[in-house]
Structure formats: C-alpha cells, structure tokens
Amino acid sequence: MEVSNKMVVFKRFIEGSPKETDMEVKVGKARTRVPEGAAGAVLLKNLYLSCDPFLRGRMREHYGSYIPPFQPGSVMEGFGVSKVVDSANPNFQVGDLVSGMIRWEEYSLIQKTEQLRKIQVNDVPLSYHIGYLGMPGFTAYAGLYEICSPKKGEFVFVSAASGAVGQLVGQLAKLKGCYVVGSAGTKQKVELLKNQLGFDEAFNYKEESDLNAALQRYFPQGIDIYFDNVGGSMLDAALLNMRVHGRIAACGVVSQQGIFDANGIHNLVCLIMKRVRMQGFLQSDYLHLFPQFLEQMIKYYKEGSIKYIEDMTEGLENAPAALAGLFTGKNVGKQVVRI
C-alpha cells in the first residue's frame, strides 16, 4: 500500500544563513511496508523534528566538516522522534518509539539503523528526546562537565542562553553552585532567563554598545567559565574578562554568517596571559557518557530541578520557516517541529 509522503527538499547550497526559500515542500509517495530484500531496515512514521544550528553547515558546499553537506534535490535530514510502523530488523518492533537521525518527511525508510536509539523512558514528553534528553541536552551536559569542570562558587557566562543548549548549561551550572549570567537577543528572553530558568543575571546583547563593558559590569571579578554558542565579538569580549585558569567551551558560532569570511578574534593573547583553556568539542566525542546523562537528567526532570522551554511549530510544511527563524532569533527555547 502507498500513502502520500510530504517532505522538505533542499534546493541549493547557501551562503550566509538559511532562508525559507532555500527549501521546498513537496509531496511524494511512501510504502507502508519495508520492501522485500531490505534486510535490517525499518519504516518510520516521523512525529517530531529538531531544528538545530548545525544544519546550516550541511547546507553549505563545504566538504571538510565532520558531517557531509546535503546535496541539492535531496530530502533534508536531522534529529527526530519517530514510531516504527514496519520492521525487518530484530532490534526494532512495530510500535517502538525511536530517536535519532531521520529525514524531514512524514515516512522514512531507514536502512542504516545504527543512529537510531529506542526510547525506553515513557514518562517524559516525547519531544524532549530531541532536546532535553537529545543532542542539545547532551551537548550542554558534556560541554559543561567534561570541558569546563565547574566548581561551586565559580562565575559562569553563557551566550545564546535561552536556546536549546544554553538554557540547560545555565541551570546545570546553578545546580553546581555557580553564579550564572546569560546573554540573549530580546527582552522577553532576558526575563525568561532570570524569572523562569534561575539565572542570576541576564542581558540583551543587542542593547549593549560595548560588550566588554557589559561583561565587566556583570562579572567585576572576571569569568571562570564561558560556554560559547556564538563566537565573534562576544567571544572577543569574553576573552578580555576571563580569570586566570578560566575555561572556554567552544560549542557554536551562530553569530558568524560564513565559514571562511568569519570575523577574526583579536584577544587570543588573553589565553596565554591568563592561562585559559579553550576547547572545541562535539557531543559525539562523549557518547560513552550518554547512559549517565540520561539517568541524571531524568532525575532532574522528575525532581523539577530543571525547566525546559520548547518553541513548538505545527506542521512539516512550516519546518523551513522554523529552521530559518533560528538564525534571526525568532525562537524562544528549543525549536521543535511537530509533524
């Protein structure tokens, strides 16, 4: 039996940030059974999609990254939550809920199932498995604990602090007894950080004419840990304000429009003078820690120790606009698309 299959197709390589018009919604056909001969494959009914900044890199014609680019005319890919509707794989049964890398369409035939993880926890919202308990949550967990090693009483700064990763970094640091300040791009997001997510302070970077002065105001004693999601001028200002033996986790550069025409960093001498350790990382470097991450984060969820903010978009046809909105700051919290 065949059914209609709505999908989001990548149209062309981009320069700068994604626009809605760089993607196209099409309707094709999908079978409701795994084809004969497709041993080990599963057929998924996709439920939720994750909009993440790393997808911008896959929309550029750049082959030197850790993950290859999309090809024009292909269906977009990303993290998602799905239900198994047919299986030729003994590890997955019909009705199983899974998370992992899927295509941006209603139905996906997945033949390489290594990146699918069966969802064992049923008392957490399903969409949390691509946010709070997914790649963004694990990025926050691994980056903060493994790269930055926070200690009680330390001073922590988080950029893009209301986003999928930043909101968790700040709350995890607070649970460690740190003083935490976040930056965001709207008054609404600043109030969210202070009033709902428990940050000690927050500021709107768009209202600051001098980021160095802003950080001096919020961190008169300097910064022990900077969790960097944006790069650019914010990283430059943070370097000036780091304390001796500070740590910087380089997680993202969402402020930079291109790969090779990015703004240069001018204050790297601070790394030497203050013996600061700055390290880039991928959450996939730490997958051996994923079981303990799940255990700890589920505990925090059940205790109510951490809040998680989602920005839910309804309908696969609205996924291109949701992804493009990440790079103009339209989302408040983790951007999810409910198919």
**Q.** ring pair (Phe, Tyr, Trp, His ring centres under 6.0 Å) partners of Phe70, counting only residues at least two apart
**A.** Phe10

Q. Does the ring centre of Phe227 sit less than 6.0 Å away from the ring centre of Phe157?
A. no

Q | Exercise: identify the closest heavy-atom pair between Arg31 and Leu43 | A | O-CD2, 3.1 Å

Q) According to the interplanar angle, ranging from 0 to 90°, do the rings of Tyr286 and His288 count as parallel (below 30°), tilted (30 to 60°) or perpendicular (above 60°)? A) tilted

Q: Identify whether the distance between the nearest side-chain nitrogen and carboxylate oxygen of Asp123 and Lys302 falls below 4.0 Å.
A: yes

Q. Taking the side chain as C-beta and beyond, is there a heavy-atom pair between Val84 and Gln93 under 4.5 Å?
A. no

Q) Does a side-chain N-to-carboxylate-O contact under 4.0 Å join Asp224 and Arg243? A) yes

Q) Taking NZ, NE, NH1 and NH2 as the nitrogens, is one of them in Lys26 or Glu105 under 4.0 Å from a carboxylate oxygen of the other? A) no

Q) Cut-off 3.5 Å, side chains only: do Ser108 and Asn46 have a donor facing an acceptor? A) yes

Q: Mark yes or no: Lys194 above the aromatic ring of Phe199, with NZ or CZ under 6.0 Å from the six-membered ring centre and no more than 45 degrees from the axis.
A: no

Q.
If the condition is side chain to side chain donor-acceptor pair (under 3.5 Å), which residues does Lys189 pass it with, not counting sequence neighbours?
A. none

Q | Worked verdict on Thr113 versus Asn89 for side-chain hydrogen bond (donor to acceptor under 3.5 Å, both in side chains) | A | CA-CA 9 Å; Thr113 60; Asn89 188 315; 3.3 Å; yes

Q: Check the angle between the aromatic planes of Phe138 and Phe290 and answer parallel, tilted or perpendicular using the 30° and 60° thresholds.
A: perpendicular

Q) Any ion pair linking Arg58 and Asp52 (charged N to carboxylate O, less than 4.0 Å)? A) no

